[in-house]
2 protein chains.
Amino acid sequence: MAAQQLTKNQSLVLDALHHADGPLSAYTILDKLRDHGFRAPLQVYRALDKLLEFGLIHRLESMNSFVACAHPDHQHHHDHGVTAFAICEDCGQVTEMHDEAMEERLTVLAGKQHFKTEKTTIEIRGHCQNCTAE
Amino acid sequence: MAAQQLTKNQSLVLDALHHADGPLSAYTILDKLRDHGFRAPLQVYRALDKLLEFGLIHRLESMNSFVACAHPDHQHHHDHGVTAFAICEDCGQVTEMHDEAMEERLTVLAGKQHFKTEKTTIEIRGHCQNCTAE
DNA sequence: ATCAATTGCGTTATGCTATAACGTGTGGCA
DNA sequence: TGCCACACGTTATAGCATAACGCAATTGAT
């Protein structure tokens, strides 16, 4: 239900991320969209902010870049819980992972500290199967 | 056994982090050390790189800043496994957490994807007990 | 002892990431 | 009609990080 109400800029940025084969930085997106009229970083960042808010994309903190959400069911995009990312340092591929047990474990950990969780970032850097095969 | 062999710059940066009551950005460290002769970002970044390598400090990816490692036993600093950070968005306090079960869970997750883990980042943003009490 | 390799250091310059601040246009709605 | 919220465009600036150069000190093998 979110896809229809995206603005032109938001759609362009989302498409760029969907067509990419890995995470993109804001400035890389900007370059890809210059032909579509993009001139300034803010045009990208504003779109990214909204897309993050809608849950349609993710931000990878450890590399200052963004990926389209792999989750196909955009109906309940807002509640697919904690996401862990496996990021291959060779090919750049990103795999999105969800795990109840881990989520549970994090809840317990935070609880021990009486910490109120707002957002959780889990990023695993390493080498994917293909690139390990060498 | 690492502390003795630190260079002057490395010691200064580590001290700055130890005396801080929260994470510091590289440029904040630079400002704190101007009186000690620091003039350029690279002086800070080079020290930070080494301290990270020695396991004496951590980098918080989600806020581009650095904290001294809370682990007291620097003897085996290199193998205290995965660390999760609880970062309070109100007061900036950072709590370091270690959990076997979660580590195990992440190993399983990575294993499923045949992913070879090099480094794992876990950062929980939210509000600490003090700041939640409000 | 000497040469080569390594490591840390200082400096200048540059590149990448992100946001502030201002003004415009548009659509909804009381 | 007038107000409000929101997306947009533009310029400027702030914040984070590294490239590339040259020098000095240390180590360690010959």
Side-chain angles (χ1 to χ4, degrees), chain A residues 1-17 20 22-54 56-67 87 89 92 119 121 123 125, chain B residues 1-17 20 22-54 56-67 87 89 92 119 121 123 125:
Chain A
M1 66 175 29
Q4 293 85 334
Q5 44 194 243
L6 291 184
T7 68
K8 182 158 177 263
N9 284 4
Q10 289 160 14
S11 299
L12 285 169
V13 169
L14 184 56
D15 282 355
L17 285 172
L24 300 179
S25 76
Y27 279 73
T28 303
I29 295 171
L30 174 57
D31 285 339
K32 283 184 183 294
L33 295 181
R34 285 200 191 278
D35 294 345
H36 295 271
F38 275 51
R39 313 291 308 275
L42 259 198
Q43 295 175 281
V44 178
Y45 281 109
R46 289 205 270 235
L48 288 171
D49 283 346
K50 282 300 177 186
L51 294 171
L52 283 170
E53 188 183 321
F54 298 155
L56 297 173
I57 65 173
H58 298 286
R59 180 195 168 88
L60 300 178
E61 303 287 354
S62 67
M63 53 192 307
N64 297 323
S65 58
F66 305 82
V67 281
I87 304 167
E89 308 207 308
K119 182 173 189 311
T121 298
E123 296 178 18
R125 308 293 296 259
Chain B
M1 67 175 26
Q4 291 86 335
Q5 44 193 243
L6 292 183
T7 67
K8 183 159 176 262
N9 283 5
Q10 288 159 16
S11 299
L12 285 169
V13 169
L14 184 55
D15 282 356
L17 286 173
L24 300 179
S25 77
Y27 277 70
T28 303
I29 295 171
L30 174 57
D31 286 339
K32 284 184 182 296
L33 295 181
R34 287 202 191 275
D35 293 346
H36 294 271
F38 275 53
R39 314 289 310 273
L42 258 198
Q43 296 175 279
V44 177
Y45 280 109
R46 289 204 270 234
L48 288 171
D49 283 347
K50 282 299 179 187
L51 294 172
L52 284 169
E53 187 182 323
F54 297 155
L56 296 174
I57 64 173
H58 298 287
R59 181 194 167 86
L60 300 178
E61 303 287 354
S62 67
M63 52 192 306
N64 297 323
S65 57
F66 304 83
V67 282
I87 303 168
E89 308 208 307
K119 182 175 189 311
T121 298
E123 298 179 17
R125 308 294 296 260

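Below, read A as the first sequence line, B as the second, and so on, with proteins coming before strands; counting in each chain starts at 1.
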Inset, instruction - Check whether the side chains of B:Glu61 and B:Thr121 place a donor and an acceptor atom closer than 3.5 Å, and report yes or no. - result: no
Legend entry - Shortest non-hydrogen contact from B:Leu51 toward B:Gln10: CD1-O, 3.7 Å
Legend entry - Rounded distance (Å) that lies between atom P of D:dC16 and atom CE of B:Met63: 10 Å
Legend entry - Side-chain N or O of A:Thr7 closer than 4.0 Å to phosphate OP1/OP2 of D:dC8: yes
Legend entry - Separation of C:dG10 C1' from B:Arg34 CZ (nearest whole Å): 14 Å
Inset, instruction - Would you check if the side chain of A:Arg46 reaches a backbone N or O of A:Asn9 as a donor-acceptor pair within less than 3.5 Å? - result: no
Legend entry - Separation of atom CD in B:Glu61 from atom P in D:dC16, rounded to whole Å: 14 Å
Inset, instruction - Determine: side-chain N/O of B:Asn64 to OP1/OP2 of D:dG15, distance under 4.0 Å, yes or no. - result: no
Inset, instruction - Nearest whole angstrom, please: distance from the C1' of C:dG10 to the NE2 of B:His36. - result: 18 Å
Inset, instruction - Report yes if at least one side-chain N or O of A:Lys8 is closer than 4.0 Å to OP1 or OP2 of D:dA7; otherwise report no. - result: no
Legend entry - From D:dA20, D:dT11, C:dA18, nucleotide with atom closest to B:Leu42 side chain: D:dA20
Legend entry - A:Tyr27 ring over C:dT17 six-membered base ring, under 5.5 Å and 30°: yes
Legend entry - Distance-minimising heavy-atom pair for A:Pro23 and A:Ser65: CB-OG, 3.5 Å
Inset, instruction - Identify which one of B:Leu48, B:Leu24, B:Val44 satisfies the side chain to side chain contact (heavy atoms under 4.5 Å, CB included) criterion when paired with B:Phe66. - result: B:Leu48
Inset, instruction - Would you indicate, yes or no, if C:dG10 has its OP1 or OP2 atom less than 4.0 angstrom from a side-chain nitrogen or oxygen of B:Gln43? - result: yes
Inset, instruction - Tell me what A:Arg46 touches on the nucleic acid: a base, only sugar-phosphate, or nothing, going by heavy atoms under 4.0 Å. - result: base
Inset, instruction - Check whether any side-chain N or O of B:Arg59 sits under 4.0 Å from OP1 or OP2 of D:dA17, and answer yes or no. - result: yes
Inset, instruction - Would you kindly give the OH-to-C1' distance between A:Tyr45 and D:dC16, to the nearest whole Å? - result: 11 Å
Legend entry - d(CG, A:Leu48; C1', C:dT19) in whole Å: 13 Å
Legend entry - Interatomic distance where CG belongs to B:Asp49 and P belongs to C:dG8 [whole Å]: 11 Å
Inset, instruction - Starting from the 5' end of DNA chain C, give me the residue, B:Asn9 or B:Pro41, whose nearest nucleotide shows up first. - result: B:Asn9
Inset, instruction - Measure from CG on B:Leu30 to C1' on C:dG10 and round the result to the nearest Å. - result: 13 Å
